[in-house]
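These notes concern the structure reproduced below.
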Number of protein chains: 2
Amino acid sequence: MLRLSKKTDYGLLALRYLAAEAPAGVASARAIAERYDIPVELLAKVLQQLARLGYVAAQKGAHGGYHLTRPASAISLAEIVQAIDGPLAITACGRDEEQCEQFGTCTVRDPLVRVTERILSVLQTMTLAEMVPGEGAMPMVWRGAAR
Amino acid sequence: MLRLSKKTDYGLLALRYLAAEAPAGVASARAIAERYDIPVELLAKVLQQLARLGYVAAQKGAHGGYHLTRPASAISLAEIVQAIDGPLAITACGRDEEQCEQFGTCTVRDPLVRVTERILSVLQTMTLAEMVPGEGAMPMVWRGAAR
DNA sequence: TAATATAGGACTAATCAGGTCGGAGTTGAG
DNA sequence: CTCAACTCCGACCTGATTAGTCCTATATTA
Ligand code: SF4
Ligand code: SF4
């Protein structure tokens, strides 16, 4: 029903925390999970994935944790979503060989990929920095930002 | 993973068929299902839902079928999606009382509803008529259509 | 009346997201 | 140097949502 997964939701929450509220920009999975009342292991998994993709760096051992590797203004919502949920696709035919039965006779595929591209561009124009009101840059250049 | 349901996909296919290819703008659920190799019963259910909402009208009995009640240019993709999949929501907190555990401590809710609104506007700017290349109006007023 | 079409509910099967478990690696105090 | 505590990490399990099926009732037309 056009919903993004809870994992993405949690990941977003965590990244925003690292960007805005974390003591020295560093926080452990446990700390973030307790702050937002999220299952620890699940959030850990999300952060692991983000670490694998290089959005955050992990520090093991005591007093370890995660920290951002890029400025929050350089991380788009689109990147986060795709890092966790995989490539953005509105339909089943969206990516890979995952094509549906009616791939051959389908007449709405092309219009829908156009829609997908536009949604992607919406996600790309929203950066992590714009999600934290006080901190970072909060540019007032909203209008005309499409595309 | 931000995908719209197969039902919506089928419904879209059916509506486009009624708008563009159907003999006299009328076709039965069976005919459409066979045309696109869709489970008949499932497509029937989708069309019933669309009929209930008033997007198509049903004619029972022999030589019956469905036909659009509005010009294709007056039906937006947003309407179709919401008619079949229910209200558009990116997150679990999106609608109703379906609120998640971290509703109270959540810090990303507001930005995400903004994103939802923008995605909705993308879907609203795409009409059924724009999905059939030859027929109907295909306006070239894409740029600057956001919001 | 026989054939064809929609209307609507209940039921089953498959898929996927959400959540859980135990283990491996690192750190730092003693 | 040793060891215990803390962290990340990968695989596994389970419940919820979706996709699809089946059956019965009702309406229309040839
Ligand atoms: S029906 Fe068409 S648009 Fe939908 S998944 Fe299949 S090929 Fe893609
Ligand atoms: S975590 Fe926040 S944005 Fe996500 S569903 Fe819960 S309240 Fe909504």
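Below, chains carry the letters A, B, ... as their sequence lines are ordered, and counting in each starts from 1.
Proximity of R30(A) to the phosphate of dC6(D): no side-chain N or O atom is located under 4.0 Å from OP1 or OP2.
The backbone N or O of L112(A) lies less than 3.5 Å from a partner atom in the side chain of T116(A), making a donor-acceptor pair. Of the possible donor and acceptor atoms, none in the side chain of D85(A) sits under 3.5 Å from a partner among the backbone N and O of L4(A). Side chain of Q102(A) to main chain of D37(B): a donor-acceptor pair is present (N/O by atom type, distance under 3.5 Å, no hydrogens or angles). Here the side chain of Q82(B) pairs no donor or acceptor atom with the backbone of E79(B) at under 3.5 angstrom. The main-chain N or O of A83(B) is found under 3.5 Å from a side-chain atom of Q49(B) such that the two form a donor-acceptor pair.
Of the residues in residues 49-60 of chain A, those with a non-hydrogen atom less than 4.0 angstrom from any atom of DNA chain C are Q59(A), K60(A).
At the heavy-atom level, A29(B) lies under 4.0 Å from the strands shown only through sugar-phosphate atoms.
L43(A) places its CG atom 15 Å from the C1' atom of dT20(C), with the value rounded to the nearest Å. What separates CG of D9(A) from C1' of dA17(C) is a distance of 13 Å, to the nearest Å. Atom CD of Q48(A) and atom P of dG22(C) are 17 Å apart (whole Å). When rounded to the nearest whole Å, the span between CD1 of I84(A) and P of dG18(C) equals 11 Å.
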Polar-atom pairs under 3.5 Å, protein N or O versus N or O of nucleotides 18-22 of chain D: list them with distances, or write none.
from, atom 1, to, atom 2, distance (Å)
dA19(D), OP1, K6(B), N, 2.6
dG20(D), OP2, Y10(B), OH, 3.3
dT21(D), O4, K45(B), NZ, 3.2

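Comparing H63(A) and L47(B) by the nucleotide of DNA chain C that holds the closest heavy atom to each, the one mapping nearer the 5' end is L47(B). Between Y66(B) and A62(B), the one whose closest nucleotide on DNA chain C sits nearer the 5' end is A62(B).
Both tests do not hold together for R70(B) against Y55(B): distance to the six-membered ring centre under 6.0 Å, angle to the ring axis within 45°.
Counting heavy atoms from C-beta on, the side chains of L50(B) and I84(B) come closer than 4.5 Å. Side-chain contact between I32(A) and L43(A) is present, with heavy atoms from C-beta onward closer than 4.5 Å. The side-chain heavy atoms of Y36(A) and Y10(A), taken from C-beta on, include no pair separated by under 4.5 Å.
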